Amino acid sequence: MTIAFDDFEKVEMRIGRIVEIDDLAEARKPAYRLLIDFGEYGRKNSSAQITKNYTKAELLNRQIVAVTNFAPKRIAGFKSEVLVLGALDENNEVIILTPDSDLPSGNRVF
């Protein structure tokens with residue numbers, strides 16, 4: 001399926017920094033509850049099934065790429081406000097997308 005560039009421009013992706021991490025114990029599959037700082041765009045919550053490839057220590061203060069303009073979604077009673085982007089590895093586990101160098105939180109990704 002192809003989309004017009006105008007459609008792609010509607011998806012708002014921004015750089016964020018993970019500032020808090022907890023287990024999302026209520027989730028059916030192991031997941032973390034993340035608090036992500038997007039600079040002037042504020043701090044947003046996200047649920048991420050990334051426990052197989054990342055420890056909490058590895059994620060704290062790490063920069064990520066997230067879709068920030070989806071409607072919030074309830075996951076195991078938790079309000080997830082942004083979608084952390086990643087790709088699947090050979091084991092079908094998520095590898096998160098991160099910038100190569102440190103960028104200001106809130107920067108738009110194109």
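Note that the numbering runs from 1 along the sequence shown for the chain. Since the structure is predicted, the reported quantities are computational estimates derived from the model, not experimental observations.
Cluster annotation: Val109 is connected to Leu103 through the hydrophobic network of ILVMFWY side chains, with a link wherever side-chain heavy atoms come within less than 4.5 Å. Hydrophobic clustering (side-chain heavy atoms under 4.5 Å, transitive across Ile, Leu, Val, Met, Phe, Trp, Tyr) keeps Val19 apart from Tyr41. There is a path of hydrophobic side-chain contacts, each under 4.5 Å, that joins Ile3 to Phe5. In this structure, Val84 is a member of the same hydrophobic cluster as Phe38, with clusters built from ILVMFWY side-chain heavy atoms closer than 4.5 Å.
Counting only heavy atoms from C-beta outward, the side chains of Ile15 and Pro104 never approach each other to under 4.5 Å. When side chains are defined from C-beta on, Ser47 counts as touching Phe78, because their heavy atoms get closer than 4.5 Å.
Atom CZ of Arg17 is separated from atom CZ of Arg43 by 11.5 Å, given to the nearest 0.5 angstrom. With rounding to the nearest 0.5 Å, the separation of CD1 in Ile18 from NZ in Lys56 is 13.0 Å.
Shown here for Asn45 and Lys79, the closest heavy-atom pair between the two residues is CB-O, 3.4 Å. Thr98 and Gln63 get closest at one heavy-atom pair: CG2-O, 3.0 Å. The two residues Arg108 and Val11 come nearest to each other via the heavy atoms NH2-O, 3.2 Å.
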Which atom pairs, one a donor and one an acceptor, fall under 3.5 Å between side chains of residues 28-37 and the rest of the protein, sequence neighbours left out?
residue, atom, partner, partner atom, Å
Tyr32, OH, Tyr54, O, 2.8
Arg33, NH2, Glu26, OE1, 3.1
Asp37, OD1, Gly39, N, 2.9

Which donor-acceptor pairs under 3.5 Å do side chains of residues 64-77 form with protein atoms, sequence neighbours excluded?
residue, atom, partner, partner atom, Å
Thr68, OG1, Glu12, O, 3.3
Thr68, OG1, Glu12, OE2, 3.2
Asn69, OD1, Glu12, N, 2.9
Asn69, ND2, Lys10, O, 2.6
Arg74, NH1, Gly77, O, 3.0

For residues 86-97, please give each side-chain donor-acceptor pair under 3.5 Å, one per line with the distance, not counting sequence neighbours.
residue, atom, partner, partner atom, Å
Asp89, OD1, Asn91, N, 2.8
Asp89, OD1, Asn92, N, 3.2
Asp89, OD1, Glu93, N, 2.9
Asp89, OD2, Asn53, ND2, 3.2

